[in-house]
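Note that the numbering runs from 1 along the sequence shown for the chain. In what follows, every heavy atom counts, from backbone to side chain, and hydrogens, waters and symmetry copies are set aside. For ligands, and for the atoms within them, numbers begin at 1 and follow the listed sequence.
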Amino acid sequence: MAASTGRGRIGNAAGAGAGAGAAAGGSRAAQSSSKSRSAPASAKKKSGDDLILTIDSDDEVGAAGESEGEMEWQQEGDDNVHPSSSTSTSTRLHSSSQPSLGTSKSKSTLSMKSKVSGNAQGLREGNDGQAWKMDKDFVFDLQGDGYGLGLGYEGKSSGADVRDKGQAGRGLTVDDIIEKRRVKVVLPDDDEEKEKEQEEGQLEQEEEEEHESSDEEAFGAGARRAQRQAQQAGEEGDESEDEEDEEEEDGDEGEGDDDAAESDSSVDEDEQTNETEIDRAKKAAFFAHEEGPDAGGKSSGDPAGASSFSSLNLSRALLRALSTLSYHQPTPIQARAIPVALAGKDIVAGAVTGSGKTAAFIIPVLERLLHRPMTESRSRVLVLLPTRELAVQCAAVGNAIGKFANVNFCLAVGGLSLKAQEKELRSRPEVIIATPGRLIDHLQNSPSFNLDSIEILIMDEADRMLEEGFREELKEIISSCPTKRQSMLFSATMTDSVDELINLGLRRPVRIFVDPKRSTAKNLVQEFVRVRGAAAAASNGEDAEQAQLATLGQGNRRTEETMRPALLLSLCLRTFTHQVIIFVRSKKLAHQLKIIFGLVGLTACELHGDLSQELRLQSLDSFRNGRVDYMIATDLASRGLDIKNVQTVINYDMPNSFDVYLHRVGRTARAGKEGRSVTLVGEQDRKLLKLAIKGSKEENIKHRLVPADHVNIMLEKLDQLKETVREVMSEEKEMRELDIAERELRKGENVEKHREEIMSRPKRTWFQSEKEKNASKDASVADYLSKGEKRKADGTKRGKYDGLSRKQKRSKQMKEEIAKEKSQSSVDASIRAAKKSSRPASLGMPDTSFSKKAQKKDAAAAAAAGKKRRKSKSSSSRKVTGKGAGFAKDLGERSTGRNVSGKKSRGGKR
Ligand SMILES: Nc1ncnc2c1ncn2[C@@H]1O[C@H](COP(=O)(O)OP(=O)(O)OP(=O)(O)O)[C@@H](O)[C@H]1O
């Protein structure tokens, strides 16, 4: 992959999207905090690689600051305080420092432009076509209801987003509040020689101990304990931690982004690798073989095996755009997925993070759209993504690659104006890029909007979309799409479990996995820092009472939760000073850390679901453009975000699942670049640590030592800052209450003014009411926790049916029964079927046996609906209608000009 040449442009593609949407830079926060960072002036920063040991002795780092109580930041916050802006609310225009991709005046970009201006996305192409900039007249929904009580009617908004979350509409921001209270942190002079000696000394000690234990995953002296711990963890299974772990499930139009616990899959990691013969047979029967000139023999991750873009038979319009983006050579996933996608086949694809999966589906989609009949406009492609930021980013990539292709993209995501989106959807854009909740809202409430003409359905981050929280919405969307369509699923942690994929209505999908499952980018160095606290001591069988005392702040030992912020600050003040993403478990913690960072003079923004959409985009933008050095985020940002030059990802804590870990660390070392992740590992994190080590090359795994005296200074400083953090939060709360009062007043005035019009509007209906959504979320969390508790009490492992719906459970049980009874005969039958299905067929031809079956089924459905259908028997050249119908395009075979009717019965479920 021509990674180095491609990078400059590549980052821009994303920047033009996610970042651009928020180009409301120039914030006071940014001004006040940008790069000035006066406080830690005496703290010499060392950006070099000062590896590389584990911190092992809590005695060294736990002795300072005994007088104060223990700080567990996450629990200290006032629940009612919502984070305020991480950047200012000022909407002064800020021109992006990054070069732009959007230089075209082609219809696709113009369309985006017009959509954007009406669509209140805050994205607008400048007159010079050079950059996506913030539209200063940009208006967000007042309540996400699309009817903009007040602001929408007043036309040009007086302010920006006035949604209920995280917004200090009066112009005062949390950064202003912090500014007044900033403190100095003085770390000891970094006498490099001394530090080196110290490290070497400890390294020797560590090595001796490691040698003794010969346990590669262990942290020096903790090796044997770690092993015990890992065993214990294995026995206990993965108990859910009662934390605010979140990833956005987007699309609800209520005030809260429904943050849900991403299901904890860590327990399944080992199981998944133990594929049985039955599983293999099932897969052989379910998946089709990858065929064609570019499919075979391409060893995974081998750029030498990848062909050039021109050898993929792409149109000039695309080749030109790809070359302007400096995409000179397809990445392995692109080389393999593009031909299969062009042939109209279903795809289930997985490749490591940052390997270019977005372009792997965007390029074939655009190529096929280039050959669409121009007689009528219709929405033919639907791309679903789990978060709004990803959708914005995907649209930016689509616009960049399609800038000479004359294709219209429309974003249908939550947090932005419904009304404007409705208007745009009425113009039938060829590609709809959506988050599930908002799409369903449009399906239910936007007159005349439906998905009847969709010919290609793409799910990016598909494994996330298959999880609880999206499942119902996905079902609804899939049932609204025509049965005859091409489906493509992509993710870095894609599953090929037939049981999980079976409900998606895939048609003999081709499985394209180019990297070993669950691997990290090859240029990623993963470091681990040991966190030892009182809790760890207790769990290691040390005196429980003593440990408890320590937890309460009466002993020498600090808890792990107290050690983490101190370790983090030491790392950030001393070593990782630029372009760092810090992942944390909860929104509250993200906000508290952001305040602490501000207080000690580090420039940071936060990104999580408690922020309004505008603030989320602003945060991303300020980080992308280097106005802040740190982005403190929840798992909302763990998937898909492509931010150029992220040097380091720090995991403040290990996520619950290894998949999430892979996505988090995948925010760096993208597109062949180098990157580093640093993970704070507590006693409970041993199992995931083991998995991380198992899947990586030895030389890419390091242990890092944080000097004990630095950590002690930070512990002391954090104790001192505790009160200040409370003050900041309470001032923030007051400010917010004032904002709400003002907003309510404005809202009342507007309701009064526009009463008649408001009353005449049709009532909106919802897929699930807020109440229902919360109830189902609570029920699933309660269910999960109760099972966890029960397992803990029983000492049992997680059950194999846990987390399955009744229907899924029954079907799994039935399959097991059948398998038991006829295990050998069914395996034989499956293998026979698989062999039969794998007989070579020319690329681009749909699977005939399947096709006939499907056509029969569809014909019956259509007849039942009293619809006249096209006769299904067709000449071989017309068989492409089975999939991707309407494009009449095969690989190497240009459009026949035939427009296959897209009329499909909406009810057709697969
Ligand atoms: N052929 C190519 N040549 C050079 N760079 C490329 C090419 N294709 C994609 N890229 C760049 O690689 C980077 C990563 O791409 P992308 O975001 O699509 O990765 P991904 O595989 O979807 O990652 P994730 O799994 O994290 O979502 C982007 O900056 C993109 O512009």
Results of side chain to side chain contact (heavy atoms under 4.5 Å, CB included) for Ala590 - residues two or more places apart only: Val584, His608, Ile632
Mutual orientation of the aromatic rings belonging to Phe361 and Phe490 [parallel < 30°, tilted 30-60°, perpendicular > 60°]: tilted
Ligand 1 atoms in contact with [X] (distance to a heavy atom under 4.0 Å):
{"X": "Gln329", "answer": "1 (N), 2 (C), 3 (N)"}
{"X": "Ala492", "answer": "25 (O)"}
{"X": "Ala671", "answer": "12 (O), 13 (C)"}
{"X": "Glu461", "answer": "27 (O)"}
{"X": "Phe309", "answer": "1 (N)"}
{"X": "Thr358", "answer": "16 (P), 17 (O), 18 (O), 22 (O)"}
{"X": "Ser355", "answer": "19 (O), 20 (P), 21 (O)"}

Structural part of [X] in contact with ligand 1, heavy atom criterion under 4.0 angstrom:
{"X": "Gln334", "value": "side chain"}
{"X": "Phe361", "value": "neither"}
{"X": "Arg670", "value": "side chain"}
{"X": "Arg667", "value": "side chain"}

Nearest-0.5 Å distance that lies between atom CD in Glu674 and atom CG in Leu524: 10.5 Å
Rounded distance (nearest 0.5 Å) linking atom CG of Leu390 with atom CZ of Arg388: 12.5 Å
Ligand 1 contact by Lys644, heavy-atom criterion under 4.0 angstrom: no
Could you tell me whether [X] and ligand 1 have an N or O pair separated by under 3.5 Å?
{"X": "Thr353", "result": "no"}
{"X": "Ala359", "result": "no"}
{"X": "Ser326", "result": "no"}

From the candidates Ala351, Ala349, Gly356, the one that places a heavy atom nearest atom 19 (O) of ligand 1: Gly356
Return the minimal non-hydrogen interatomic distance between [X] and [Y], and the atom names on each side.
{"X": "Val348", "Y": "Phe513", "result": "O-CE1, 3.9 Å"}
{"X": "Asn523", "Y": "Lys673", "result": "CB-O, 3.2 Å"}
{"X": "Thr353", "Y": "Ala492", "result": "CG2-CB, 3.7 Å"}
{"X": "Gln526", "Y": "Ser696", "result": "NE2-OG, 2.7 Å"}
{"X": "Asn313", "Y": "Glu367", "result": "O-OE2, 3.9 Å"}

For Asp460, salt bridge (Lys or Arg N to Asp or Glu O under 4.0 Å) partners two or more places apart: none
